[in-house]
Amino acid sequence: MEKQNNNAEKTLICVVGARPNFMKIAPIIKQLKNSGGGIRPYLVHTGQHYDQTMKDTFFEQLGIPEPDQDLGVGSGSHAVQTANVMLRFEPVLDEVKPFAVLVVGDVNSTIACGLVAVKKQIPVIHVEAGLRSFDRAMPEEINRILTDQLSDLLFTTERDAATNLIKEGIDPGRIHFAGNVMIDTLLANCAQATPFRTTLERYQVNLAIEDKGFALLTLHRPSNVDDAATLSRLIQVIVKIGNRLPVIFPVHPRTQQKIRDAGLFDELAANNVIVLPPVAYLEILGLMQSARFVLTDSGGLQEETTALGVPCVTLRENTERPITISEGTNTIVGTDPDQIMACVDDILLGGGKAGRVPEYWDGHAAQRIVKTLEQYFFG
Ligand code: UD1
């Protein structure tokens, strides 16, 4: 591609849409501002996540500036949400005329903005490229494959991701192993994490819980919560775990609706499962640090627990983040009750996987990304 003139407009549109994007964009924006390279970040929030607990507290705690534009798309079916982001993003590109668009992760906003940009011949940069669960029933897998196909520059979090990309025909010269920006954020915020007791007090939980004396649970994948039979099977296992040790469960809005529809909240509360609303970043960090182990179907928590050295039990059949298994503290157990209980008992009796922190999950991923951007576009 043609190098840009040093005096040319150096505006880079950075896109965020949903909760996990916020932790990824924060260190990139900070680094763009501090590097002295002159690239000006212009932040577009699509509004895919809009609740105060899903958005505002994250912006505040992570020091993300107010978005330059909020597209306010809100919820909807995948088609509606993706189409609305596209429709509202196009005029922003026309107005701002960035030299490139940077997208992170795998949510609907990621593919929607990437697709609009590439068709206007604006280079697309994808951070967290090349992760594959090989499960096309997952909406995020489709978003990942397509975003990588249309991107000019692809930054990976683990070395194996490049192998996936090359198999899909992507030129190795466009792939850069930068490390994990989500872990940049984790390391920058560990010392400020909210102690778990403060979080429990805030939500008026009057239960004496020891440090490392509870499990932390998150659940929001459509494959786990949208189907009533799967959800009910999972809730029964969680109840069983609650009888071994208290389970703290901050509930995602999607999951809340489904558990309410199924009338299962009372059963959880009666069995040592402490249900909280979605919590802020520093709160979830404090809960993770003090948890005996984490049960989750989130992608981000699989990585964060590996970085923290806390055992993670993943309630999915696969993961797009295999390094958390091969090097980290993660174990994939699916949704079979016996397998889940066997893994939990292993952790309670034997301590669980120890693991080590993967290469370049060192707090400097954003620095590597920004340096590469400066060289590639303006060097
Ligand atoms: C999205 C991402 C998923 C990511 C997750 C993190 C896609 C395809 N999925 O899933 O990869 O792991 O975010 O949270 O992009 N809702 C609210 N308030 C909000 C946001 C959502 O009440 O601020 C409710 C709405 O009823 C909505 C439901 O939650 O229908 C699901 O939200 P949506 O953004 O569609 O998908 P997520 O399940 O959050």
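Hydrogens, waters and symmetry mates are skipped; everything else that's a heavy atom, side chains included, is used. Atoms within a ligand are numbered from 1 in the order they appear, just like the ligands themselves. Quantities reported herein were computed from a predicted structural model and do not represent experimental measurements.
- When S77, A112, P20 are checked for heavy-atom proximity to atom 6 (C) of ligand 1, P20 turns out nearest.
- The backbone and the side chain of H49 each have at least one atom closer than 4.0 Å to an atom of ligand 1 (non-hydrogen atoms only).
- The option with the heavy atom closest to atom 22 (O) of ligand 1, from among P139, P253, G299, is P253.
- Under 4.0 angstrom from ligand 1, the non-hydrogen atoms of M54 all belong to its side chain.
- The existence of a salt bridge linking D211 and R197 is excluded, since no basic side-chain nitrogen approaches an acidic carboxylate oxygen closer than 4.0 Å.
- Aromatic ring orientation, H252 versus H49: perpendicular (interplanar angle above 60°, classes split at 30° and 60°).
- Side chains of E303 and N180: a donor on one and an acceptor on the other come within 3.5 Å.
- Comparing H220, Q81, E141, M138 by heavy-atom distance to atom 4 (C) of ligand 1, the nearest is H220.
- Atoms of ligand 1 found under 4.0 Å from any heavy atom of H78, numbered from 1 in the order shown, are 8 (C).
- In the displayed structure, K240 atom NZ is contacted under 6.0 Å by at most 12 heavy atoms of other residues, nucleotides or ligands.
- Polar contact with ligand 1: present for N108 (N/O pair, distance under 3.5 Å).
- Classified by interplanar angle (parallel below 30°, tilted 30° to 60°, perpendicular above 60°), the ring pair F22/H45 is perpendicular.
- Using a cutoff of 4.0 Å between basic side-chain nitrogens and carboxylate oxygens, E141 and R144 are scored as salt-bridged.
- Ligand 1 has no atom lying under 4.0 Å from any heavy atom of K55.
- For ligand 1 and Q257, the ligand atoms under 4.0 Å from any heavy atom of the residue are 26 (O).
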